[in-house]
Amino acid sequence: MWFKNLKLYQLTNSLELTEEQLQTQLESMSFRPCGSQDIATMGWTSPFRNSDMLFQKTANRYWLVLKKQERILPASVINNELAEKVAQIEAETGSPVPKKSQQDLKQEIVHRLLPQAFTKNSVTHGFISPENNLVVVDASSDGAAEAFLSCVRKCIGSLPVVPFAKSSKQEILTSWVLQDAPEQIEILDEAEFKSPSEDGAVIRCKSQDLDAAEILAHLQSGMLVQKLSVAWQDRLTCIIAEDLSIKRLKFTDVVKEQNEDIPKDELNVKLDADFTLMSSEVVEFAEALRKIFEVDSE
């Protein structure tokens, strides 16, 4: 289990979790498939196969998996059926169908088609590390991360968190390119620059030497780094955004090789070992970001 994106949050108050109580709390919102008239359902599912446990605890870190199922009912299908039905009624009555009646017809069509619609499943992984006052969600969008946090709150009653970055870190990221990056950080070959002016011009660089004169000229003219690809201690690579969200996270072979001796047929053992290793690296990386960006002093 290797996260690909990180939304990082700080716990503002201590959080005490007990395994028996947490299982009961999560069961109150366990996942169930869509019923015939459900557009979507969402709930907790086990990180492991063939397990009733709705979380996995390792090194006092709680791994949770939020599953969503939604019915795929394209708007074009609904609108085509509605247009045909409206045309039929107007041909029979000789009068236009009022908007209110069209809305009622649309609801009837949705009600009829929903049970026949395909379903799509998606999952959002995250973990809570009370010892580190840290919550991590593997999500590329704020919406998915907030849905995960909201469901945790509904189950355990409270989850007092704030985003890692309360302000933009554009100036710090820009200084890394113009001057020097921290000792642990290696600048790679991809970045996104944004103008602070009203036009908000954006320049994206990929497979580029960010030390090149033509690249530095954009920053010297006042543009700021919005996203920056980096490597950290030869253990991972990622793109750091100005809000300290992490995208395209990849762990190096130096890290992943540590679990290569686990047989592939021992799936749950492998999942647990990978999560233990991965979450340990993420916690250490998050702690490094705390210090580098002076998160606690904001």
Side-chain angles (χ1 to χ4, degrees), residues 2-10 125 134 136-145 162-258 277-298:
W2 302 92
F3 286 13
K4 296 180 180 178
N5 303 280
L6 304 178
K7 291 288 186 180
L8 302 169
Y9 302 87
Q10 288 199 103
H125 294 258
L134 180 66
V136 180
V137 185
D138 180 3
S140 59
S141 69
D142 289 333
V162 293
F164 243 44
K166 303 183 185 70
S167 60
S168 172
K169 304 302 180 184
Q170 288 176 313
E171 292 186 0
I172 295 176
L173 293 174
T174 303
S175 72
W176 290 6
V177 180
L178 285 174
Q179 301 167 24
D180 289 309
E183 184 177 351
Q184 303 174 355
I185 299 291
E186 176 190 353
I187 304 299
L188 300 181
D189 61 357
E190 187 171 350
E192 181 179 299
F193 308 148
K194 186 174 183 180
S195 171
S197 61
E198 290 185 4
D199 64 3
V202 174
I203 294 177
R204 295 180 178 89
C205 307
K206 191 170 184 179
S207 301
Q208 293 282 340
D209 179 2
L210 299 185
D211 285 336
E214 62 269 24
I215 298 296
L216 295 177
H218 293 298
L219 301 181
Q220 291 163 348
S221 70
M223 298 192 83
L224 297 170
V225 175
Q226 187 86 351
K227 298 176 183 176
L228 186 63
S229 62
V230 303
W232 178 68
Q233 292 188 341
D234 294 323
R235 291 154 68 180
L236 60 82
T237 62
C238 67
I239 291 180
I240 300 181
E242 51 86 23
D243 62 354
L244 294 192
S245 61
I246 306 298
K247 298 182 185 300
R248 284 165 44 192
L249 176 65
K250 294 181 180 179
F251 296 89
T252 64
D253 291 340
V254 172
V255 174
K256 287 191 170 184
E257 285 173 355
Q258 297 178 49
L277 180 57
M278 182 277 300
S279 60
S280 177
E281 293 292 327
V282 168
V283 166
E284 193 167 343
F285 183 46
E287 292 297 330
L289 293 178
R290 269 197 177 113
K291 293 177 182 177
I292 291 171
F293 291 95
E294 298 181 343
V295 168
D296 292 324
S297 63
E298 285 192 298

Separation of [Y] [atom2] from [X] [atom1] (nearest 0.5 Å):
{"X": "E284", "Y": "S279", "atom1": "CD", "atom2": "OG", "answer": "11.5 Å"}
{"X": "F285", "Y": "I240", "atom1": "CZ", "atom2": "CD1", "answer": "4.5 Å"}
{"X": "K194", "Y": "T174", "atom1": "NZ", "atom2": "OG1", "answer": "13.0 Å"}
{"X": "E242", "Y": "E192", "atom1": "CD", "atom2": "CD", "answer": "9.5 Å"}

On a heavy-atom basis, which atom in [X] and which in [Y] lie closest, and how many Å separate them?
{"X": "A144", "Y": "S141", "answer": "N-OG, 3.2 Å"}
{"X": "D138", "Y": "F3", "answer": "OD2-CA, 3.4 Å"}
{"X": "L173", "Y": "L228", "answer": "O-CD2, 4.2 Å"}

What side-chain donor-acceptor pairs closer than 3.5 Å can you find for residues 215-226, not counting sequence neighbours?
unit_1 : atom_1 : unit_2 : atom_2 : d
S221   : OG     : A217   : O      : 3.4
S221   : OG     : H218   : O      : 2.6
Q226   : OE1    : Q170   : NE2    : 2.5

Could you check whether atom CD of E171 has more than 12 heavy atoms from other residues, nucleotides or ligands sitting under 6.0 Å from it?
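Counting other residues, nucleotides and ligands, CD of E171 stays at 12 neighbours or fewer.
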Within-4.5 Å side-chain heavy-atom neighbours: L244 and V295:
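Yes - at least one pair of side-chain heavy atoms lies under 4.5 Å apart.
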Are side-chain heavy atoms of S245 and N5 found at a separation under 4.5 Å?
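Heavy-atom side-chain distance check fails, nothing below 4.5 Å.
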Q184: what forms a side-chain contact (heavy atoms from CB on, under 4.5 Å) with it, not counting sequence neighbours?
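By the side-chain contact (heavy atoms from CB on, under 4.5 Å) rule, Q184 matches W232, Q233, A288, I292.
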Partner of F164 by side-chain contact (heavy atoms from CB on, under 4.5 Å), out of D243, L134, L6, I246:
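Between F164 and the candidates, side-chain contact (heavy atoms from CB on, under 4.5 Å) is satisfied uniquely by L134.
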Under 3.5 Å, which donor-acceptor pairs link side chains of residues 247-257 to any protein atom two or more places apart or in another chain?
unit_1 : atom_1 : unit_2 : atom_2 : d
K247   : NZ     : S140   : O      : 2.7
R248   : NH1    : E190   : OE2    : 3.0
R248   : NH2    : E190   : OE1    : 2.6
R248   : NH2    : E190   : OE2    : 3.4
T252   : OG1    : D234   : O      : 2.9
T252   : OG1    : R235   : O      : 3.3

